[in-house]
Student: 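Quick one: the structure is below, questions incoming.
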Amino acid sequence: TQYMSLCICDVLDTYGVMGAIKWPNDVLVYGKKVCGLLSEVSIRDGRLAGYVLGTGINLNMPAEVLAEINQPATALNLITQLPVNREGFLSRLLERFFSGYEAFLEQGFRSIKERYTTLSPFLGTQTTVTLPDRALTGKAAAYDDRGRLQLVTSDGATETLTIGDVSLA
């Protein structure tokens, strides 16, 4: 999801739109969600059997529909004031994804860490991360070399998170 979110930001840039990454699986534009990503891993006999990566990108949506969503959301057509060709967007995204995919597989998150960090404006801010069993509040400090969020709590402890729903505290 991290690699794909970076690819989506790169494609948005070709439309003159600056995307921002909200760890672990959202892309925002002007603080509003334009894209969400989900992934699932299949393991059989202790080995990776498959990986499914899905994304929903708001390309052409009326403002009235977005207003009904329970969080701030936007669509590329509203930002650019032009209809977006879905096939053209998908073609650009697939080209971008596969142009760096092998390198990403070989090098992992370290290969995108600098750019991913640059596109993560909430780093350095007070943040709440909701986990399945609790919520943690602290400073979103950095990502480690595996793409995990480092959250420094008020008592100075560093929590290393692989999942969670981020919101500003």
Student: Using modelled atom types and a 3.5 Å cut-off, is there a donor and acceptor pairing between side-chain atoms of Lys33 and backbone atoms of Pro72?
Tutor: no
Student: Would you kindly say whether Thr137 and Gln126 are connected by a side-chain donor-acceptor distance under 3.5 Å?
Tutor: no
Student: Under a 3.5 Å cutoff, is there a donor and acceptor pairing between the side chains of Ser39 and Thr1?
Tutor: no
Student: Rounded to the nearest 0.5 Å, what's the gap from CD1 on Ile163 to CG on Leu149? Could you check?
Tutor: 12.0 Å
Student: Does atom NZ (Lys139) have a neighbourhood of more than 12 heavy atoms from anything else shown, all under 6.0 Å?
Tutor: no
Student: Is Asn60 reaching over with its side chain to a backbone N or O of Val84, donor-acceptor style, under 3.5 angstrom?
Tutor: yes
Student: Are any of the side-chain heavy atoms of Val17 and Thr80 separated by less than 4.5 Å?
Tutor: yes
Student: I'd like to know whether Glu159 forms a side-chain contact (heavy atoms from CB on, under 4.5 Å) with Val129, so could you lay out the CA-CA distance, the side-chain angles of the two residues, the decisive distance to 0.1 Å, and finally the verdict.
Tutor: CA-CA 11 Å; Glu159 296 278 346; Val129 180; over 6 Å; no
Student: What's the spacing between Asp26 CG and Ser5 OG if we round to 0.5 Å?
Tutor: 9.5 Å
Student: Is it the case that the ring center of Tyr3 lies less than 6.0 angstrom away from the ring center of Phe97?
Tutor: yes
Student: State, to 0.1 Å, how close Ala141 and Val152 come at their nearest heavy-atom pair, and which atoms those are.
Tutor: CB-CG2, 3.9 Å
Student: Tell me whether Leu105 shares a hydrophobic cluster with Phe98, the cluster being built from Ile, Leu, Val, Met, Phe, Trp, Tyr side chains joined at under 4.5 Å.
Tutor: yes
Student: Between CZ of Arg96 and CG of Asp13, what distance do you get to the nearest 0.5 Å?
Tutor: 11.0 Å
Student: State plainly whether one hydrophobic cluster holds both Leu66 and Tyr15, where clusters connect Ile, Leu, Val, Met, Phe, Trp and Tyr through side-chain heavy atoms under 4.5 angstrom apart.
Tutor: no
Student: Which heavy atom in Pro121 sits nearest to a heavy atom in Thr125, and how many Å separate them?
Tutor: O-CG2, 4.2 Å
Student: Between Leu151 and Ala140, which heavy-atom pair has the shortest distance, and what is it?
Tutor: CD1-N, 3.8 Å
Student: For Ile57 and Cys35, which heavy atoms make the closest approach, and how far apart are they?
Tutor: CG1-SG, 3.7 Å
Student: Calculate, to the nearest 0.5 Å, the distance between atoms CG and OH belonging to Leu78 and Tyr30 respectively.
Tutor: 12.0 Å
Student: How many angstroms lie between CD1 in Ile112 and CD in Gln2, if you round to the nearest 0.5 Å?
Tutor: 6.0 Å
Student: Taking all heavy atoms of Leu38 and all of Asn25, pick out the closest pair and write down the distance.
Tutor: CD2-ND2, 4.1 Å
Student: Out of curiosity, Leu119 CG to Lys22 NZ, how far, rounded to the nearest 0.5 Å?
Tutor: 16.0 Å
Student: Around atom CG of Asp45, are there more than 12 heavy atoms of other residues, nucleotides or ligands at under 6.0 Å?
Tutor: no
Student: Without swapping roles, check the side chain of Asn58 against the backbone of Ala73 for a donor-acceptor pair under 3.5 Å.
Tutor: no
Student: What pair of heavy atoms forms the shortest contact from Thr14 to Arg92, and how long is it?
Tutor: OG1-NH1, 2.8 Å
Student: Is Leu6 reachable from Leu123 through a run of I, L, V, M, F, W or Y residues, each pair having side-chain heavy atoms under 4.5 Å apart?
Tutor: yes
Student: Tell me whether Leu90 shares a hydrophobic cluster with Leu82, the cluster being built from Ile, Leu, Val, Met, Phe, Trp, Tyr side chains joined at under 4.5 Å.
Tutor: no
Student: Is it the case that one hydrophobic cluster holds both Leu94 and Leu76, taking links as side-chain heavy atoms less than 4.5 Å apart, direct or via other members?
Tutor: yes
Student: Short question: side chain of Trp23, backbone of Tyr143 - any donor-acceptor pair under 3.5 Å?
Tutor: no
Student: Kindly determine whether Met18 and Val29 satisfy side-chain contact (heavy atoms from CB on, under 4.5 Å), including the steps that lead there.
Tutor: CA-CA 7 Å; Met18 177 73 169; Val29 175; over 6 Å; no
Student: Could you check whether any side-chain heavy atom of Leu131 comes within less than 4.5 Å of a side-chain heavy atom of Asp165, counting everything from C-beta outward?
Tutor: no
Student: So, do Phe104 and Phe109 have ring centers that fall under 6.0 Å from each other?
Tutor: no
Student: Given the rule in the side-chain contact (heavy atoms from CB on, under 4.5 Å) test, do Ile43 and Leu48 qualify, once you have shown the distances and angles that lead to the verdict?
Tutor: CA-CA 5 Å; Ile43 305 288; Leu48 178 66; 4.3 Å; yes
Student: Is Ser91 reaching over with its side chain to a backbone N or O of Glu87, donor-acceptor style, under 3.5 angstrom?
Tutor: no
Student: Can you list the steps and then say if Leu59 with Asn85 is a side-chain contact (heavy atoms from CB on, under 4.5 Å)?
Tutor: CA-CA 8 Å; Leu59 296 180; Asn85 179 286; over 6 Å; no
Student: A side-chain contact here means heavy atoms from C-beta on lying under 4.5 Å apart; do Ser120 and Ile21 qualify?
Tutor: yes
Student: Taking CD in Gln71 as the centre, count heavy atoms belonging to other residues, nucleotides or ligands within less than 6.0 Å. Is the count above 12?
Tutor: yes
Student: Going by heavy atoms in the side chains, are Ile79 and Thr74 under 4.5 Å from each other?
Tutor: yes
Student: Dump the intermediate steps for side chain to side chain donor-acceptor pair (under 3.5 Å) on Thr160 and Gln150, then the final yes or no.
Tutor: CA-CA 5 Å; Thr160 301; Gln150 304 290 304; 3.3 Å; yes
